[in-house]
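Below is one structure, written out as structure tokens, with a few remarks after it.
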Amino acid sequence: MANSKSMPLIFDIPITYDLDLSSTLDGGQSFNWRPGNDGVWLGLIGNLPVKLSIDKHRNGSVVKAEYRLSPGGSDLDRLKWYLDLDTPYEAVRNRLSCDDNLESIIRSVPKFNILNQDPWQTLVSFILSTQSNIPRIKRNLEDISIVANQLVTAFGLSFYRFPNPHELAAMGENKLRGLGLGYRAKNLAAVASLISENTFNIKTVSAMPYKDAKQYLMALPGVGPKVADCVLAFSMGHTSAFPVDRWVSRGVKRMYSNTVKYSDPDISKWGREKFGSDAAYVQQSIFYYERWVRGRGQS
DNA sequence: TCCCAGGGGAGTT
DNA sequence: AACTCCCATGGG
């Protein structure tokens with residue numbers, strides 16, 4: 001008879017709107033989920049291995065989450081927070097669809113959520129994202145985790161926990177450079193040290209007002225306006241952030257050619273003012289559309 | 001070989 | 001404040 005304490009259990013979480021896991025977990029917000037069979041996604045939320053899938057029913061869908069129940073019992077709340085299940089995304093989409101330029105975008109992009117990821121891991125992810133590409137970012141993050149060598153097993157599979165700031169700082173710039181991070185290794189090693197030494201307090205950033213939080217993040221090497229906005233949007237609940245990369249810039253310029261300015265800072269400011277707390281959702285929709293719908297996705 | 005990839009930062013004007 | 005160039009590296 002199997003030990004029930006070590007057996008993953010399946011939890012059904014009802015949601016009142018459609019949720020597409022692929023575009024949510026693997027749409028450019030997060031880089032550490034891997035697809036399994038039949039629409040299943042596997043990954044770590046913190047140290048917790050989780051297997052996720054969606055069951056569609058007539059009256060709304062159910063998120064199926066499989067994981068080991070830990071003693072504290074707060075895993076379900078954490079999962080719901082990570083996936084941002086309590087935000088009424090159907091209402092968000094309805095609001096935004098009133099904008100003629102957005103309506104077709106919203107309709108042709110899968111129904112994703114904006115994640116609440118771990119700020120530290122998200123910061124590292126987007127420091128690595130500069131002048132890089134998504135497959136490479138994934139590989140860099142995975143290599144970092146493998147070198148950190150904190151193995152967790154579940155579902156008969158291996159997961160490597162993402163190193164904390166202290167562990168990453170201990171790797172040092174040269175080792176990171178050896179993983180193919182390029183010039184980003186120097187910034188990442190410096191940031192890991194600043195955080196592990198408590199010179200920079202990442203845990204307080206979420207509670208700061210948007211502009212203060214952004215300014216504070218941008219004091220870190222390798223963190224400019226775009227990286228800061230991604231961290232704020234995808235890990236700190238600042239959904240009024242409007243990160244501008246080349247894809248979003250391209251999309252906004254085409255869709256709003258009459259109203260919008262030109263520089264990235266102008267576009268970011270415009271997005272924040274026009275869409276308010278929906279800005280991050282709009283930005284991610286445009287990114288996804290430009291990258292994988294319009295561009296017909298070269299990974 | 002050339003070009004691009006979810007930019008940032010320093011130097012110049 | 002806006003513009004230019006360089007920062008490493010891997011893949012197409």
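All of these numbers come straight from a predicted model, not from anything done at the bench.
Among the atoms of the strands shown, only primed sugar atoms or phosphate atoms (P, OP1, OP2) are found under 4.0 Å from some heavy atom of A:Leu220. Base engagement by A:Gly28 is indicated by at least one non-hydrogen atom pair under 4.0 Å involving a base atom. A:Val248 comes within 4.0 angstrom of a base, heavy atoms only.
We find that A:Glu142 and A:Arg34 are not joined by a salt bridge, their nearest charged nitrogen and carboxylate oxygen being 4.0 Å or further apart. Note on A:Arg95 versus A:Asp278: salt bridge recorded, some NZ/NE/NH1/NH2 to OD/OE distance being below 4.0 Å.
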* **Contact letters for nucleotides 5-10 of chain C, in which S counts primed atoms plus P, OP1 and OP2 and B counts the base, heavy atoms under 4.0 Å** => --SBBS
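Atom NZ of A:Lys269 and atom P of C:dA1 are 12 Å apart (whole Å). Put simply, CG on A:Asn140 is 12 Å from C1' on B:dA5, counting in whole angstrom units. Whole-Å rounding puts the A:Leu123 CG to B:dG8 P distance at 12 Å.
Between A:Trp292 and A:Phe287, the ring planes are perpendicular. Angles over 60° get that label, and only those under 30° would be called parallel. Using cut-offs of 30° and 60° on the angle between ring planes, the pair A:Tyr281 and A:Phe112 is parallel.
Of all non-hydrogen atoms in A:Asp84 and A:Tyr17, the two that sit nearest each other are O-OH, 3.8 Å.
Of the nucleotides present, C:dC6 is the one that pairs with B:dG8 by Watson-Crick or G-U wobble criteria, both distances under 3.5 Å. C:dG12 is paired with B:dC2 under the criterion used here, namely a Watson-Crick or G-U wobble arrangement in which both key atom distances are under 3.5 Å.
A distance of about 23 Å separates the C1' atoms of B:dG9 and C:dG10, rounded to the whole Å.
A:Tyr160 forms part of a hydrophobic cluster together with A:Ile146, A:Leu151, judged by ILVMFWY side-chain heavy-atom separations under 4.5 Å.
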